[in-house]
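Naming convention: chains lettered A, B, ... in sequence-line order (proteins, then strands); numbering from 1 in each chain.
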Amino acid sequence: MTMRIEELKPILEALIFTASEPITEQELAQILPEADRATLAAALEALRRDYEAEGRGLELRRIAGGYRICTRPEHHEYIRRYLKTRPSARLSMAALETLAVIAYKQPITLPEIQEIRGVNSARAVRTLLEKRLIEPKGRKPVVGRPILYGTSREFLIQFGLNDLSELPTLEDFEELTEGASVS
Amino acid sequence: MTMRIEELKPILEALIFTASEPITEQELAQILPEADRATLAAALEALRRDYEAEGRGLELRRIAGGYRICTRPEHHEYIRRYLKTRPSARLSMAALETLAVIAYKQPITLPEIQEIRGVNSARAVRTLLEKRLIEPKGRKPVVGRPILYGTSREFLIQFGLNDLSELPTLEDFEELTEGASVS
Amino acid sequence: MGREGESPDRCEEIPLHEREPERASLSPYTVKLDVFEGPLDLLLHLIKQEQVSIYDIPIARITEQYLDYLRRMEALDLTIASEYLVMAATLIYIKSKMLLPAPARAADEAEAEDPRQELVRRLLEYQKYKAAAELLWSRAEREQATFTRGRLETDETNPEVNATVFDLFRAFQRAMERLKERQELVIAREQITLAEKIAELRALFRERERVDITALFEAACSRRELLILFLAVLELVRVALIRLVQTERFGRILALRASDVDPEAEATALRMTRDDHAD
């Protein structure tokens, strides 16, 4: 006998809350072998809708292929008052540009990144590695066997993406920039 | 003009969720000077009642004179199951460092590892063996014939490497530190 | 502008929305190169400022303006990253090619390659990533406004870290650095003898009348050095070269050169140390 949606929902809520990182449907299924996958999916969907209700301070989000409970962005000012934090140091434009090139062209080597950006990008790559936004993905089988870089799970988490397909395509940007530059 | 209960509730929920320790009514009042104390108390009470509703996996508790969001005790079994799944993919700093020494210096004996790290590494080696990240690679032909350790196939899989030659070298690191010129 | 051609650290924390208006309002005479992420970025800025089409760049005019920026940078004594110079050479080359009379141009027009073509391709390509970077910035902005739950007790029982091969490499480097430090310490330790330490202290007291012995002890790098120092101090006391003074129980210990130990000097030393404590 499989678990019902109403039984599953509170358990899923407790598990997602406990996990310190987004927890995937697969992980949840492993923890709950007594639930069948369809019911699990339905319970997750029901839980997500509960969190969408008016007057909640929290939301259930799909990030990096998993589920996570977060505060809603509109309350950030009060939370900052409490945590006494300021918006954390943002990435420099150099780092963001480098990250954009890696996100769209992965896996990509340092020389290839530099070719597109037209400037040395070693420091930006190091910054991104330190922040765990990118990670090595093997080596390219060419002379010197340079390291290939790609985006990490942390990248998805920090940019609130469920997976890479959620990024707009480069063609979308082409339209945008064409409109702007030809004017 | 003071804040209304409906405005306050989500903010209180977000604040209690974010706090790493039980947060007191007084602290909440300090963060929210725009709310009067009576409304604040009423909003907290309303929030507590929301959490008491059927089918929730979380509860709002008064602990140590403050408020805290916790999982409900009845789900503890599932949470234990989850917590048990966690450590397998992760390593402590001691284990990571020991693994690094083994990866770069293999095959290597326990006394040699300890010589490099300067600390007893027996437990870290045991952890790595348990996680199958390292494996015995014969014995060193010296007094006591200590076991030689090396990294395993599992190590390559977990770190996304095809073979050991893909490990970053000092040269790779220097490339990022000093910065190569545009090719 | 750093030698890597990237924004210097101080740009690290300037959010885009604060930088953009600044850039837009810059007159040609106040523009600084370090606002730009590289020569392609600078070229895009010039093209936008001149309101010309990226597909039909008036190369002579843009080249002149580009070189003008570089000259101004030089005038300000700022190093110009090599990438900017390479681009300057490229622009001059394109300009010269376009000035050349094209034989039978009309006939071959369809096939004749526009010397600007490669540059246009690179600019268009770069422009896409620049737009993508701005999108990432706006996404990060939203994410920075959301918070996850505070720590739970279960987190503390699991103080473990995720790791990549770079973490692994760093861990290895850390272990090797510690090893080197320990080896140097061992060498240093073996080099110091009691006789040398005594000679060292004698030299010190030839120069100074008062020495804070507690500070000397605190500066010792190892137990062995501490022991040798202690024995050396005792030896100097034994031969009556120095005298130890302590102003209060468990307070700091001062060593006074013995020849200077008269009641007055001692009183001065004591008073001074009390003042030290008052600080």
Side-chain angles (χ1 to χ4, degrees), chain A residues 5-7 9-21 23 27-28 30-33 46-47 50 54-58 69-72 74-79 81-83 110-112 114-115 117-123 125-127 129 135-139 144-147 150, chain B residues 5-20 23 27-28 30-34 46-47 50 54-59 69-72 74-86 159-162 165-168 171-173 175-183:
Chain A
I5 292 184
E6 300 73 54
E7 288 173 90
K9 240 172 53 178
I11 297 169
L12 293 173
E13 186 181 26
L15 284 169
I16 297 168
F17 173 80
T18 309
S20 49
E21 289 199 6
I23 186 166
E27 286 176 286
L28 290 166
Q30 272 168 10
I31 299 162
L32 296 160
L47 188 63
D50 286 356
E54 283 281 309
R56 295 288 322 249
L58 308 176
I69 298 171
C70 303
T71 64
R72 289 177 186 270
E74 56 262 42
H75 306 307
H76 76 103
E77 190 199 321
Y78 303 101
I79 299 171
R81 280 190 206 167
Y82 168 63
L83 296 174
L110 180 58
E112 288 163 350
Q114 295 179 154
E115 175 61 29
R117 292 193 59 224
V119 284
N120 188 305
S121 307
R123 214 180 80 177
V125 166
R126 202 174 66 230
T127 304
L129 278 169
E135 56 195 16
K137 305 267 186 185
R139 289 176 185 272
R145 307 211 329 126
I147 294 177
Chain B
I5 292 183
E6 300 75 54
E7 288 172 272
L8 268 173
K9 239 173 51 179
I11 298 170
L12 293 173
E13 187 182 25
L15 282 168
I16 298 167
F17 174 81
T18 314
S20 48
I23 185 166
E27 285 177 287
L28 290 167
Q30 273 168 9
I31 299 161
L32 296 159
E34 47 272 82
L47 188 63
D50 285 356
E54 283 283 309
R56 294 289 320 251
L58 307 175
E59 58 183 358
I69 295 171
C70 305
T71 60
R72 286 177 187 271
E74 54 263 42
H75 307 307
H76 74 104
E77 187 200 325
Y78 303 101
I79 292 169
R80 288 243 173 84
R81 284 192 207 167
Y82 163 68
L83 291 175
K84 251 187 235 167
T85 65
R86 275 204 308 171
F159 284 86
L161 299 164
N162 280 316
S165 73
E166 284 190 0
L167 276 176
E171 288 73 50
D172 293 325
F173 212 67
E175 182 185 60
L176 293 177
T177 314
E178 287 164 15
S181 58
V182 176
S183 48

Self-check item: chain B interface, residue from Pro146(A), Gly144(A), Gly57(A) that has the most non-hydrogen pairs under 4.5 Å
Solution: Gly57(A)
Practice problem: Check each atom of Leu32(A) against the heavy atoms of chain B and say whether the ones under 4.5 Å are side chain, backbone, both or neither. | Solution: both
Quiz prompt | Contact class of Leu12(A) relative to chain B, heavy atoms under 4.5 angstrom | solution = neither
Quiz item: Is it the backbone or the side chain of Ile16(A) that comes under 4.5 Å from a heavy atom of chain B, or both, or neither?
Solution: neither
Self-check item: Part of Arg145(A) lying under 4.5 Å from any heavy atom of chain B
Solution: side chain
Practice problem: Find out whether Pro136(A) and Leu129(A) are in side-chain contact, i.e. whether some heavy atom of one side chain is under 4.5 Å from a heavy atom of the other. | Solution: yes
Quiz item: Between Glu77(B) and Arg81(B), is the closest basic N to carboxylate O distance under 4.0 Å?
Solution: yes
Quiz item: What option among Ile23(A), Leu83(A), Ile69(A) has the most heavy-atom pairs under 4.5 Å with chain B?
Solution: Ile69(A)
Practice problem: Identify which of Glu74(A), Arg56(A), Glu27(A), Arg72(A) forms the greatest number of heavy-atom pairs closer than 4.5 Å to chain B. | Solution: Arg56(A)
Quiz prompt | Structural part of Tyr82(A) lying under 4.5 Å from a heavy atom of chain B | solution = both
Practice problem: Output the distance between atom CD (Glu54(A)) and atom CD (Glu6(B)), rounded to the nearest 0.5 Å. | Solution: 11.0 Å
Quiz item: How far apart are the C-alpha atoms of Asp50(A) and Lys9(A), what are their side-chain angles, what is the distance that settles it, and do they pass the side-chain contact (heavy atoms from CB on, under 4.5 Å) test?
Solution: CA-CA 10 Å; Asp50(A) 286 356; Lys9(A) 240 172 53 178; 2.8 Å; yes
Quiz item: Ile147(A) versus chain B, heavy atoms under 4.5 Å apart: side chain, backbone, both or neither?
Solution: side chain
Self-check item: Leading residue by heavy atom contact count with chain A [cutoff under 4.5 Å; candidates Thr71(B), Thr18(B), Leu58(B), Leu15(B)]
Solution: Leu58(B)
